[in-house]
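For reference, the structure is listed below as structure tokens.
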There are 2 protein chains.
Amino acid sequence: MLKYQHIADALEKYIEEHELQQGDKLPVLQDLMNQFGVSKSTVTKALELLETKGVIFQVRGSGIFVRRHKRKGYISLLSTKGFKKILEDFQITSKVIELDIRKPTTEAALNLNVGLDEDVYYVKRIRYIHGQSLCLEESYFNKSVITYLNNEIINESIFHYITEGLGLNVGFTDMFLHVDKLTEEEADYLGLEKGDPKLYVESIFHLTNGQPFDFSKVTYNYVQSQFFVQAVL
Amino acid sequence: MLKYQHIADALEKYIEEHELQQGDKLPVLQDLMNQFGVSKSTVTKALELLETKGVIFQVRGSGIFVRRHKRKGYISLLSTKGFKKILEDFQITSKVIELDIRKPTTEAALNLNVGLDEDVYYVKRIRYIHGQSLCLEESYFNKSVITYLNNEIINESIFHYITEGLGLNVGFTDMFLHVDKLTEEEADYLGLEKGDPKLYVESIFHLTNGQPFDFSKVTYNYVQSQFFVQAVL
DNA sequence: ATTATAAATTGTACCGGTACAATTTATCAA
DNA sequence: TTGATAAATTGTACCGGTACAATTTATAAT
């Protein structure tokens, strides 16, 4: 058995058995080296594996933390090319339907890890690709992280604003996908029929330090929903 | 700019610009070290990145090869947990509807990289999860690789048979997903209504040396289609 | 020619090290 | 207490090396 594989397995097992939660700290690199009696690069390789699998995230100067979502029964995938970049490849335009500051829904509060009485930015918009309706999107931004938003910023690039304008570092994202039927309202927005297929995606975006800042729910037009997956068995 | 990042970018750019195809050989590690004037581990790191992104695959003792599918406009994802393993987590049963040796369709021949007159195994089956219909699956196996198949093997685990029984090494898999509406025939098999949503998945399974051996088309019941994606921006 | 065996090629695992960047903690000044 | 500054902590990039496993190529034997 490979050493790095063994270490990765052991750590994953440890996380499960001790029911560690998102953000819990694991032993530092040096400790892991001693504990397993291997060199730094071997531990690093094990950690890289776990990071790719989405089991942990590492913060330079701070430590190694558990990444663990609560939902069960989901097939685990990894997006290799940033969604941001993917969308940039196409010609995406968007129309903002709503933009205001409000209290989050319990669902949004839970996923953003904020209180129900805290202010968040709410954005509802339709996105178009080559003029065709691509999706209907609702986003909640943690106002204590994204301190200011306006229509212009949203129509440019929110992520560009977050990284360049606010100087924040975007890290990992958890996404939950499922296929379902369009409601009447969704169908209206997308110009389809009620009951037609949709791809529904919930995303939770985090900074590199693990802080969630954006919870979004997106309903995709099925005609546009094409994915390519590279599976590693 | 990080060295390994630069190398990865340069190689990816090279592949695109020179329109290299699936299976084309890249310079060996030693050459890349010299060419970029870096150590072995730096090149290795760049290659790991590209392998994770699905741009290349490496074969020990043989070389570094291009992995490049022809289809455009697909969003790229990576399955972190093997699909095999995922399915093992649930209680999956299956009923074989058809199993025979036949000539491949042009589509299957193309994806399996075999001639139209070569024999392939064709398997059609329904899979159930906890007794509920999960999906309708059609598979084509390259008979020159998978030399023998029968009902029993299929009902056990094909992948177990391939790795243990035949001693083959399963490598990477390309998968193409999209959302669509069920045809009447599919709806019948899955016990749903015509026009209901479906998740349609085409997969091409390869050995570690890049040889494709299984082309399969799967229509998933939308009620069961839940995915979790870890995005890295 | 065919087949077995040996040698060369080529990627992978792992070590131990240096330098450094980001974060956290300790320290000091106002 | 607050805020700035320095020091310690901790992960990341990169080097150069050894050993080895899988594959391919060369060589010898039949």
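Just so it is clear: chains get the letters A, B, ... in the order the sequence lines come, proteins before strands, and each one is counted from 1. Hydrogens, waters and symmetry mates play no part in the numbers below; they use all other heavy atoms, side chains included.
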Sugar-phosphate, base or nothing in reach of Ser41(A), heavy atoms under 4.0 Å: base

Toward the 5' end of DNA chain C, by each residue's nearest nucleotide, Gly61(A) or Gly61(B): Gly61(B)

Sugar-phosphate, base or nothing in reach of Leu29(B), heavy atoms under 4.0 Å: base

Residue pairs involving residues 8-24 of chain A (criterion side chain to side chain donor-acceptor pair (under 3.5 Å); sequence neighbours excluded): Glu12(A)-Lys53(A)

5' priority, DNA chain C, between Asn169(A) and Ser39(A) [closest heavy atom]: Ser39(A)

Sugar-phosphate, base or nothing in reach of Lys45(B), heavy atoms under 4.0 Å: sugar-phosphate

Note: Arg127(A)-Glu137(A) ion pair, threshold 4.0 Å (strictly below): yes

Sole residue of Tyr140(A), Phe159(A), Phe141(A) in ring-ring contact (aromatic ring centres under 6.0 Å, His included) with Phe205(A): Phe159(A)

Lys/Arg N to Asp/Glu carboxylate O, Lys103(B) vs Asp119(B), below 4.0 Å: yes

Interface limits on DNA chain D, where chain B has a heavy atom under 4.0 Å of a nucleotide atom: dA13(D) to dT24(D)

Touch class at under 4.0 angstrom, heavy-atom based, for Lys40(A) against every strand present: base

Asn209(B) vs Gln58(A), nearer the 5' end of DNA chain D by closest nucleotide: Gln58(A)

Presence of salt bridge, Lys217(B) and Glu202(B), under 4.0 angstrom: no

NZ/NE/NH1/NH2 to OD/OE distance under 4.0 Å, Lys143(A) and Glu118(A): no

Touch class at under 4.0 angstrom, heavy-atom based, for Ile64(B) against every strand present: sugar-phosphate

